[in-house]
Novice: 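One structure is given below, represented as C-alpha cells, and several questions about it will come after.
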Amino acid sequence: MTAPAMAINPNQTQPFLQQVMERSGQNLTACYQCRRCAAGCSVGDETDYFTPNLLIRMVVLGDRDQALSNQLVWKCVSCYTCGTRCPNDIQTARITETLKKMAKEEHLEPLQPKVAEFHDAFVRSGLRWGRVNEMEFMGAYEMKFALRKIKTREFGAIMDEIKTQARLGMEMTRLRRMHFGFLMAKGRKEIKALQRKSKQRATH
Amino acid sequence: MQLAYYPGCSLQQSSKLYDVQSRRIFSELGAELVEIEDWNCCGATSAGKVDDFMAMAMPARNIGIAEGAGFTEMVIPCSACYSRTLVAQQRIKDNAALAEEINSELAAPINGSLKVSSILEALEERIASGALKDRVVHKLTGLRPVCYYGCMLTRFPYAVPVPDDVENPQGMERVLGTLKIKTIDWNHKTSCCGASASVNDPETAHNLMAEIMKDAVARGANCVVTTCPMCQMNLDAQQEAFCLKHDIETRLPVFFITEIIGAAMDLPPAELQTDRHFIDGTTLLKELEQHEEKGK
Ligand code: SF4
Ligand code: SF4
C-alpha cells in the first residue's frame, strides 16, 4: 500500500484552511510532519495508511475533496491520543469532527454512513427530550440504516443488523440492562432556546 | 457531607448498576451524592461531531444547576460526561462572549465556582481522609486486576487541568492499593475501546478491544476494572464476539471500581447488582471470599 496522492489546489488553499482552522480551533500550519500522531493513532490499522499528519497536509494544500472524504475522518474514534502527544498541540480529532460537520453541510455522502447516522440520532434524542433514551435513539439509528439499505435493495444487510441487535437486546433484557422507562428533562425549553441560538450562529 | 452528583443518561439506563453502586459506596464513605435537579444530557461524544455550540451549552446548564443549588463540587462517574463537562466549563471560562451567550438562556447561569470531579478524584479524597481504609473487610487475595482507564479520564480535546498522568494514570491503582489489592501493570490502560464504534463500526471496535484483551490475558489478569460505563459495556457485552473473532480463549469479567470496593467492604452483591454482567463476575468474587474463609 502507498499513501494516497494529494491534489494541490492553490485557489482553494486559503479559504478552506482558514475555515478548518477557525472551526476546529487548531493551528494546522504549526504542523511540521513529525508523525508522532501517526505513530499512536488508535485506528492506524483501519484507515488505509491515512494518518493524522496526512490529513493536516491535505487541508493545508487545499485538497478539499479528499479532506472531506477519507477513512480517517470517518473512522477517527476521538480518542485524543494524537493531540495529547503532538509537540504543537494540534488535536486532530477536532479536525476530523470539523470535517464531518462540513461534509454534512455540503450534503456529501459520508464514507461511513453509520457513523454519521449514529451521532445524528444520538444528539437529536438528547436535544428533543433533554436526555438520551437509549432505546429510542437506537431505534431511530437502526431505522435510518434500514431505509438506506432498502433503497439499494440490500436486504441481507438489514437482516444481519437486526440479528446482531436482537441478540444484544435479548441479552441486555436478561441482565436487566435494558431500560423500558422514558427519561426527560423539564428544562428542555432552555435547551431549545440554546439550539435556536446555535442555528443563528451557524447562519451568520 | 453532601456532593452534587451528575449520573448522566447511561447510569439511568443500561448502566444503572453503576449508579446504585456509586451512591452506596459514597454513602458508606460518609459522603452523600445528591443528584442535581432536572439535569440534561451532556451531549456525550456525539455533540462535538454535530453541533459545537450545543456541546458547550448542554453541560453548561448542568453546571449552572449545581452551582445554583449551592454545591462546590460535582461528582461525575461516567468518563464521557466528566470529560464533556470539564471541557465545556474551561472553554466557557476562557471565553467571556461564549459565557454571556450561554448564560443569557439559562435559568441558573454559571459563575465558575464548581469543581468538576471524576469518580476517581472523589474517591481519592476519601483515601486521603482515611475513610476508605477504615472500611475494608475482605482482602480479596487472588484478585489480579488490570486497571483500564480508556480515553476520557486523562485525554481532553482542550487544555484543562488533567487530574492524573496522561499516559500512565495511577488513580485506580491507588484506590485498589488502599484495599491491599495487587494490580497488574500493563500496556493498554489508556487505549481506546472504540466507544460508539462498537455500534456504528464494529469491525474497528472489535480490533481495538481484541488488542486490549490480549494484553490483559497475557499478563495473567483475572479481571478488568474500569470507571467508564462505555468501556465497561463495550468490553463486557462485546467480549464474546471479539474473542471468537480473534481466537482469544479466556474471558474476563469487567468490573466497575465500585463493585470491587463494595466487595472489599462486604456489601451484599445483590444490593450492588453485580449479577448484571455479560461475563459473569460473581463467581470469581465468591471464590475469593471462600478462599479467604478457609485461610482463617
Ligand atoms: S504530531 Fe503534531 S506536528 Fe507532528 S505530524 Fe502530527 S500534527 Fe504534525
Ligand atoms: S483522535 Fe482520531 S486521529 Fe487522533 S489518534 Fe485517536 S483515532 Fe487517531
Side-chain angles (χ1 to χ4, degrees), chain A residues 23 25 42-43 45-46 74-75 77-81 83-84 89 91 93-94 97-98 100-101 104 112 114-120 122-123 125-127 129-135 138 141 164 168 171-172 175-179 181 183 185-188 190-191 193-195 197-198 201-202, chain B residues 9-10 12-17 38-54 57-58 60-61 65 101-102 105-107 150-152 154-159 166-167 190-192 194-197 199-205 207-208 233 237 241 273 275-278:
Chain A
R23 291 183 65 171
S42 293
V43 297
D45 291 337
E46 322 285 331
W74 294 101
K75 291 226 165 191
V77 284
S78 290
C79 71
Y80 304 133
T81 307
T84 49
D89 279 338
Q91 192 53 267
R94 292 298 295 137
E97 289 170 4
T98 301
K100 277 191 189 84
K101 286 183 282 246
K104 187 182 173 195
Q112 301 278 338
K114 288 176 94 174
V115 172
E117 286 160 4
F118 179 92
H119 297 300
D120 274 345
F122 188 95
V123 174
S125 174
L127 291 178
W129 307 109
R131 296 184 188 176
V132 164
N133 285 280
E134 290 169 348
M135 290 246 276
M138 279 301 286
Y141 162 73
T164 313
L168 182 63
E171 258 310 88
M172 285 182 65
L175 295 167
R176 292 171 287 127
R177 292 189 74 154
M178 201 78 130
H179 182 82
L183 304 182
K186 286 192 245 57
R188 292 195 299 287
E190 286 170 60
I191 294 171
L194 285 160
Q195 212 185 342
K197 207 165 229 185
S198 174
R201 280 167 59 105
Chain B
C9 305
S10 95
Q12 299 287 288
Q13 300 177 80
S14 52
S15 297
K16 183 73 192 167
L17 64 161
D38 199 48
W39 53 268
N40 56 265
C41 166
C42 70
T45 51
S46 290
K49 298 178 177 70
V50 181
D51 186 332
D52 265 320
F53 180 74
M54 291 313 289
M58 290 167 87
R61 181 171 171 272
I65 292 171
E101 258 185 292
I102 293 176
E105 302 295 345
L106 295 180
C151 306
M152 286 180 290
T154 60
R155 288 191 303 269
F156 303 90
Y158 191 75
V166 175
E167 300 277 354
T190 58
S191 294
C192 179
S196 60
V199 178
N200 57 47
D201 184 6
E203 191 67 29
T204 296
N207 290 346
L208 296 181
M233 183 56 114
Q273 308 190 359
D275 58 340
R276 294 171 74 178
H277 287 281
F278 291 77

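Lettering follows sequence order; numbering is per chain, from 1.
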Novice: Using non-hydrogen atoms only, which part of B:A107 is less than 4.5 Å away from chain A: side chain, backbone, both, or neither?
Specialist: both
Novice: Quick check on B:D38 against chain A: is it the side chain, the backbone, both or neither that has a heavy atom closer than 4.5 Å?
Specialist: both
Novice: Only one of A:R23, A:R94, A:K100 forms a salt bridge (Lys or Arg N to Asp or Glu O under 4.0 Å) with B:D52, so which one is it?
Specialist: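 Exactly one candidate clears the test, A:R94.
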Novice: Could you measure the distance from the OG1 atom of B:T190 to the OH atom of A:Y80? Nearest 0.5 Å is fine.
Specialist: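 Separation between the atoms: 15.0 Å.
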Novice: What's the separation between atom CZ in B:R155 and atom OG in A:S78, rounded to the nearest 0.5 Å?
Specialist: 11.0 Å
Novice: Is it true that a side-chain atom of A:K197 and a backbone atom of B:E101 form a donor plus acceptor pair closer than 3.5 Å?
Specialist: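 Between the backbone of B:E101 and the side chain of A:K197 there is a qualifying donor-acceptor contact (under 3.5 Å).
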Novice: Please classify the contact of B:I102 with chain A as side chain, backbone, both or neither, using a heavy-atom distance under 4.5 Å.
Specialist: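 Its backbone and side chain both get close to chain A.
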Novice: Please determine, among A:V43, A:V77, A:T98, the option with the most heavy-atom pairs under 4.5 Å with chain B.
Specialist: A:V77
Novice: Nearest 0.5 Å, what's the OG-CE distance between A:S198 and B:M58?
Specialist: 11.0 Å
Novice: With a 4.5 angstrom heavy-atom cut-off, is it the side chain or the backbone of A:S42 that approaches chain B, or both, or neither?
Specialist: both
Novice: Please flag which part of A:Q195 lies under 4.5 Å from any non-hydrogen atom of chain B: side chain, backbone, both or neither.
Specialist: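 Backbone plus side chain of A:Q195, per the 4.5 Å heavy-atom cut-off to chain B.
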Novice: Pick one of side chain, backbone, both or neither for B:F156, based on which atoms fall under 4.5 Å of a heavy atom in chain A.
Specialist: backbone
Novice: Are side-chain heavy atoms of B:L106 and A:L194 found at a separation under 4.5 Å?
Specialist: yes
Novice: Looking at B:G150, B:A60, B:P157, B:C192, which has the largest count of heavy-atom pairs under 4.5 Å with chain A?
Specialist: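 Greatest number of close heavy-atom pairs with chain A: B:P157.
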